[in-house]
Amino acid sequence: MQTQDVIRLGREHLRSMSGHVFDVLEVKEPISPDAAVNLSKVISKLSPLVGNMIEFNSVEFLNDQEDFHGHGIWQRQDPGFPDTIFQGVTPTPGFEIKAWFPLATEITARFKDSQNHFAHDQTHVAMLAWLPEQLIFGKPKILGVCVVSGLSVAQARDNHYHNPPDYLVLEPEDTASRTQNLQQTNTNGYKFQGTQEEFREAQELVASWGPNAMQYSPTPEYQERLRELIARFRYRLDTNFAKMDRIVHPGIEEFKTSIYRLNFHGKTVGEWNKLLGSKGRDEEIRTALQEHLGIREEDAEELLL
DNA sequence: TACCCTGGTCATACGCAGAC
DNA sequence: GTCTGCGTATGACCAGGGTA
């Protein structure tokens with residue numbers, strides 16, 4: 001079995017997880033419509049915890065597949081990149097697993113790894129969209145899975161953001177001499193903060209680099225030029241850099257659209273997202289939850305007796 | 001006016017080094 | 001051994017400007 005075979009099979013199995021319910025955690029049904037409204041406002045707090053559970057359960061799920069038996073084993077790396085690797089073939093295939101809770105305001109998972117990490121296209125990104133079975137309570141259910149190559153995501157990110165001198169994508173510095181926890185492995189984005197006059201000056205500097213000045217490159221030579229800009233002009237670190245929601249990767253955009261269009265308990269996921277995320281519409285939220293989830297006032301009365 | 005995009009902030013966590 | 005600081009990392013929400 002070759003690296004790309006493992007990736008292909010892994011992709012197929014991960015995609016087959018659509019509709020799968022993880023029996024790892026269960027949120028109890030709220031006892032009243034008011035409790036349901038309150039729960040709808042805080043359910044996203046579960047996202048990091050459930051996201052992690054989904055990540056390591058995905059590894060178990062892959063190891064349960066007979067296709068891989070006798071060829072190697074999937075192992076979780078935490079911390080480490082990617083989240084799961086297949087020990088048994090080289091180059092080592094892996095999946096970086098990102099859980100997405102589509103009632104959140106945006107996909108907050110980031111992908112900051114350098115293009116340099118994907119020389120053999122051996123690492124893919126698997127995004128798993130999940131919701132509680134009953135929208136705001138129940139067990140986590142996978143709505144859909146999107147698997148795309150890590151290289152394509154890194155390239156989409158760099159091409160989307162990099163626009164010198166206005167916006168710079170910088171590769172990690174050489175931090176090999178630092179202790180492990182202080183070593184940099186991620187790219188970062190920087191936004192120009194100087195005056196218009198300084199911006200024109202910076203533009204002239206970029207123009208002096210030649211015809212490929214605007215073309216992003218992770219090579220040391222090109223990165224050295226970018227660091228010259230950072231040293232001469234004011235930039236700010238962009239804390240939203242590389243959010244999966246913002247890098248305009250065609251596969252991820254298509255996946256987002258398909259998830260938001262899914263029908264889930266009487267509305268599309270996108271409609272639930274808008275409704276539950278809106279301010280001052282508690283009565284509307286309450287009515288929708290009562291209508292589509294069957295939460296009744298009488299239930300609360302029975303439970304309180 | 002609703003929606004989208006961008007910029008910003010907050011909360012939390014980890015692992016290591018150095019001080020005590 | 002414990003505490004604290006540092007640098008890095010992740011995930012969530014909110015505000016404001018631009019636009020259809």
Side-chain angles (χ1 to χ4, degrees), chain A residues 25 38-56 76-84 96-114 117 125-132 136 140 150 153-154 156-157 159-163 166-194 230 234-249 252-254 256-257 259-261 268-282 284-285:
Chain A
L25 171 148
N38 289 333
L39 179 59
S40 74
K41 291 176 179 171
V42 296
I43 189 69
S44 65
K45 310 289 183 195
L46 264 184
S47 183
L49 174 66
V50 176
N52 266 278
M53 286 178 158
I54 288 174
E55 286 170 16
F56 50 67
R76 180 164 164 77
Q77 303 193 112
D78 186 18
F81 178 85
D83 293 316
T84 174
E96 177 69 8
I97 298 172
K98 305 282 188 186
W100 171 35
F101 179 69
L103 297 184
T105 50
E106 64 178 329
I107 304 173
T108 53
R110 295 165 174 88
F111 192 81
K112 300 174 85 173
D113 296 272
S114 166
H117 294 166
V125 180
M127 186 180 286
L128 287 76
W130 74 276
L131 281 178
I136 55 170
V153 177
R157 173 200 66 211
N159 293 336
H160 171 70
Y161 280 102
H162 193 62
N163 183 31
D166 180 53
Y167 198 106
L168 312 179
V169 174
L170 279 182
E171 294 288 315
E173 295 181 57
D174 181 6
T175 53
S177 61
R178 295 186 187 176
T179 55
Q180 197 175 9
N181 62 314
L182 300 183
Q183 288 188 13
Q184 298 174 0
T185 59
N186 287 343
T187 56
N188 270 309
Y190 293 88
K191 178 80 175 170
F192 192 84
Q193 298 290 281
I230 287 273
R234 279 175 292 159
Y235 282 84
R236 66 166 181 83
L237 178 66
D238 179 9
T239 54
N240 288 300
F241 171 69
K243 278 184 176 170
M244 305 281 269
D245 212 8
R246 305 187 182 194
I247 60 179
V248 202
H249 182 284
I252 294 170
E253 291 301 306
E254 195 178 318
K256 270 168 56 182
T257 304
I259 293 295
Y260 282 137
R261 282 183 182 159
T268 65
V269 172
E271 286 168 342
W272 280 119
N273 175 297
K274 280 193 179 65
L275 178 61
L276 300 184
S278 57
K279 295 267 183 296
R281 292 167 69 186
D282 281 10
E284 199 178 332
I285 294 171

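Chain letters run A, B, ... following the sequence lines, proteins first, then strands; residues in each count from 1. Below, each value reflects all heavy atoms present in this structure, side chains not excepted, and no hydrogens, waters or symmetry copies.
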Distance, rounded to the nearest Å, where [X] contributes [atom1] and [N] contributes [atom2]:
{"X": "A:I107", "N": "B:dC4", "atom1": "CD1", "atom2": "P", "result": "13 Å"}
{"X": "A:K256", "N": "B:dC3", "atom1": "NZ", "atom2": "C1'", "result": "13 Å"}
{"X": "A:E96", "N": "C:dT10", "atom1": "CD", "atom2": "C1'", "result": "11 Å"}
{"X": "A:Y260", "N": "B:dC3", "atom1": "OH", "atom2": "P", "result": "13 Å"}
{"X": "A:F101", "N": "C:dG11", "atom1": "CZ", "atom2": "P", "result": "14 Å"}
{"X": "A:D245", "N": "C:dG11", "atom1": "CG", "atom2": "C1'", "result": "13 Å"}
{"X": "A:N240", "N": "B:dT9", "atom1": "CG", "atom2": "P", "result": "11 Å"}
{"X": "A:W130", "N": "C:dG11", "atom1": "CH2", "atom2": "P", "result": "13 Å"}

Worksheet item: With A:H160, which residues qualify under ring-ring contact (aromatic ring centres under 6.0 Å, His included), at least two apart?
Response: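 Scan of A:H160 (ring-ring contact (aromatic ring centres under 6.0 Å, His included), adjacent residues dropped) gives none.
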Worksheet entry | Sequence-distant partners of A:F111, ring-ring contact (aromatic ring centres under 6.0 Å, His included), two or more places apart |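 In terms of ring-ring contact (aromatic ring centres under 6.0 Å, His included), with neighbours along the sequence ignored, A:F111 is linked to A:F118.
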Worksheet entry | Qualifying residues under salt bridge (Lys or Arg N to Asp or Glu O under 4.0 Å), relative to A:E106, sequence neighbours excluded |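 By the salt bridge (Lys or Arg N to Asp or Glu O under 4.0 Å) rule, A:E106 matches A:K243, A:R246.
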Worksheet item: Listed by chain and number, what are the side chain to side chain contact (heavy atoms under 4.5 Å, CB included) partners of A:T105, not counting sequence neighbours?
Response: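 Scan of A:T105 (side chain to side chain contact (heavy atoms under 4.5 Å, CB included), adjacent residues dropped) gives none.
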Practice prompt. Taking the side chain as every heavy atom from C-beta outward, state whether A:M244 and A:V125 have any atom pair closer than 4.5 Å.
Written response: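 Yes. Closest side-chain heavy atoms under 4.5 Å.
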Worksheet entry | Side-chain donor/acceptor of A:D238 to base of B:dG7, under 3.5 Å |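 Looking at the base of B:dG7, it does not pair with any donor or acceptor on the side chain of A:D238 (distance under 3.5 Å).
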Fill in: Pairing residues for A:Y260 by the side chain to side chain donor-acceptor pair (under 3.5 Å) criterion, not counting sequence neighbours
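Checked A:Y260 against side chain to side chain donor-acceptor pair (under 3.5 Å); zero matches.
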Discussion item. Could you walk me through whether A:K274 and A:E271 satisfy the salt bridge (charged side-chain N to carboxylate O under 4.0 Å, His left out) test, starting with their C-alpha distance in whole Å, then the side-chain angles of each, then the deciding distance to 0.1 Å, before giving a yes or no?
Written reply: CA-CA 5 Å; A:K274 280 193 179 65; A:E271 286 168 342; over 6 Å; no
Item to complete: Could you work out which one of C:dT10, C:dC13, B:dT6 sits closest to the side chain of A:R246?
Response: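 Output: B:dT6.
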Item to complete: Please tell me which of the listed nucleotides, C:dG11, C:dT10, C:dC14, lies nearest to the side chain of A:R110?
Response: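 My answer, after comparing the listed nucleotides, is C:dG11.
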Discussion item. If you compare every side-chain N and O of A:K274 against the phosphate oxygens of B:dC3 (OP1, OP2), does one of them come in below 4.0 Å?
Written reply: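 So the side chain of A:K274 is outside the cut-off, no N or O lying under 4.0 Å from OP1 or OP2 of B:dC3.
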Discussion item. Mind checking if A:K98 touches a base, just sugar-phosphate, or nothing, with heavy atoms under 4.0 Å?
Written reply: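 Since no nucleic acid heavy atom lies under 4.0 Å of A:K98, the category is nothing.
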Atom pairs under 3.5 Å, N or O on each side, protein against nucleotides 16-20 of chain C: can you list them with distances?
none

